[in-house]
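Residues: numbered from 1 along the sequence shown.
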Amino acid sequence: MATPVFEKTKGLTDKQFHYCPGCTHGIIHRLVAEVLEELGVTGETIGVAPVGCSVLAYDYFNCDMHEAAHGRAPAVATGIKRVRPDNTVFTYQGDGDLAAIGTAEIVHVALRAEKITTIFVNNAIYGMTGGQMAPTTLIGQKATTSPYGRSEADTGKPLRVCEMLATIDGAVFVERVSVHDVPHIRKAKKAIKKAFEVQLRGEGFALVEVLSTCPTNWGITPVDSLGWLKDNMLPYFPLGNFRTPEEGK
């Protein structure tokens with residue numbers, strides 16, 4: 001019998017993803033699930049799903065999940081972690097959920113140094129509700145609510161979440177990664193694993209921002225969306241580590 005060289009992680013259920021073709025939520029889900037399995041904490045983990053394209057994340061992660069109101073995932077996770085401090089707790093949020101309606105929640109969870117992990121998926125647009133402009137939408141990028149392209153004069157510049165949170169002492173691990181190709185997917189997994197390890201060591205709040213695609217609302221093909229991310233999002237949202245536990249102490 002041949003030895004398998006690749007198999008599905010036990011951190012995911014057998015439920016088929018509902019995401020659009022070319023959407024990278026599925027990749028990010030797998031990375032998170034693999035990390036939970038490798039760390040041996042899948043059975044002790046509680047995830048918090050957002051409102052957005054990943055609202056059904058509770059169907060996919062093979063751990064206990066909780067649904068939160070729009071933007072309130074960090075607040076819900078705070079309550080869970082404080083009541084059950086021995087559990088591993090994470091939120092999985094998009095840019096509309098975290099950087100728009102949930103801005104106050106993510107800032108204050110970092111300020112309080114809550115010992116949770118946040119996976120922040122940034123695809124520069126509201127995905128589930130039809131492609132409206134988000135706080136992360138790029139200047140000139142078209143959306144249903146910015147049909148001529150986002151205007152800096154009208155709405156300001158896109159919000160850089162990592163750079164903002166890295167100024168807060170309680171955010172001890174902050175890193176931005178991307179999943180537009182295999183080398184970057186591997187780097188993304190390493191960052192996600194570090195973010196969970198920070199929680200397991202009880203060091204404070206950890207966030208990984210993952211640059212992602214939205215071919216449907218960007219109006220391009222799945223393949224072209226990977227190139228669009230690389231050419232347009234990376235220059236404005238630079239990849240890298242913005243804060244480590246050592247710097248946060």
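- Here the options are Cys23, Cys214, Cys53, the test is side-chain contact (heavy atoms from CB on, under 4.5 Å), and the partner is Asn123; only Cys214 passes.
- Under the 4.5 Å side-chain heavy-atom criterion for grouping Ile, Leu, Val, Met, Phe, Trp and Tyr, Met133 is not connected to Leu159 through any hydrophobic cluster.
- In the model, Glu175 has a side-chain atom that pairs as donor or acceptor with a side-chain atom of Asn241 under 3.5 Å.
- When every heavy atom of Phe61 is checked against every heavy atom of His29, the shortest pair comes out as CE2-O, 3.4 Å.
- Listed by chain and number, the residues in a side-chain hydrogen bond (donor to acceptor under 3.5 Å, both in side chains) with Thr78 are Arg112 (sequence neighbours excluded).
- Heavy-atom minimum distance, Val208 versus Ala191: CG2-O, 3.6 Å.
- Donor-acceptor pairing under 3.5 Å is lacking for the side chains of Thr9 and Arg30.
- The side-chain heavy atoms of Arg243 and Asp169, taken from C-beta on, include a pair separated by under 4.5 Å.
- Side-chain contact check for Phe205 versus Ile116: some heavy-atom pair is nearer than 4.5 Å.
- Annotation for Gln199 and Val89: closest pair OE1-N, 2.7 Å, computed over non-hydrogen atoms.
- When every heavy atom of Gln141 is checked against every heavy atom of Ser146, the shortest pair comes out as O-OG, 3.4 Å.
- Contact of the Thr91 side chain with the Leu98 side chain is not registered, since no non-hydrogen atoms from C-beta on lie closer than 4.5 Å.
- In the displayed structure, Arg201 atom CZ is contacted under 6.0 Å by more than 12 heavy atoms of other residues, nucleotides or ligands.
- The hydrophobic cluster containing Tyr236, built from Ile/Leu/Val/Met/Phe/Trp/Tyr side-chain heavy atoms closer than 4.5 Å, also comprises Ile125, Leu138, Leu211, Trp218, Ile220, Trp228, Leu229, Met233, Leu234, Phe237, Leu239.
- In this structure, His25 and Tyr92 have tilted ring planes: the angle between them lies in the 30° to 60° band.
- Ile101 is listed as a side-chain neighbour of Arg72, based on a closest heavy-atom distance under 4.5 Å.
- Using a 4.5 Å heavy-atom threshold, the side chains of Ile46 and Cys63 count as separate.
- When the shell of 6.0 Å around NZ of Lys8 is examined, it contains more than 12 heavy atoms from other residues, nucleotides or ligands.
- Closest heavy-atom contact between Cys162 and Glu209: SG-OE1, 3.1 Å.
- Taking the six-membered ring where tryptophan is involved, the planes of Phe17 and Tyr60 are perpendicular, since the angle between them exceeds 60° and thus also 30°.
- Nearest heavy-atom pair, Pro135 versus Arg150, reported as atom, atom and distance to 0.1 Å: O-NH1, 3.1 Å.
- Checked by atom type and distance alone, the side chain of Asp97 pairs as donor or acceptor with a backbone atom of Gly71 at under 3.5 Å.
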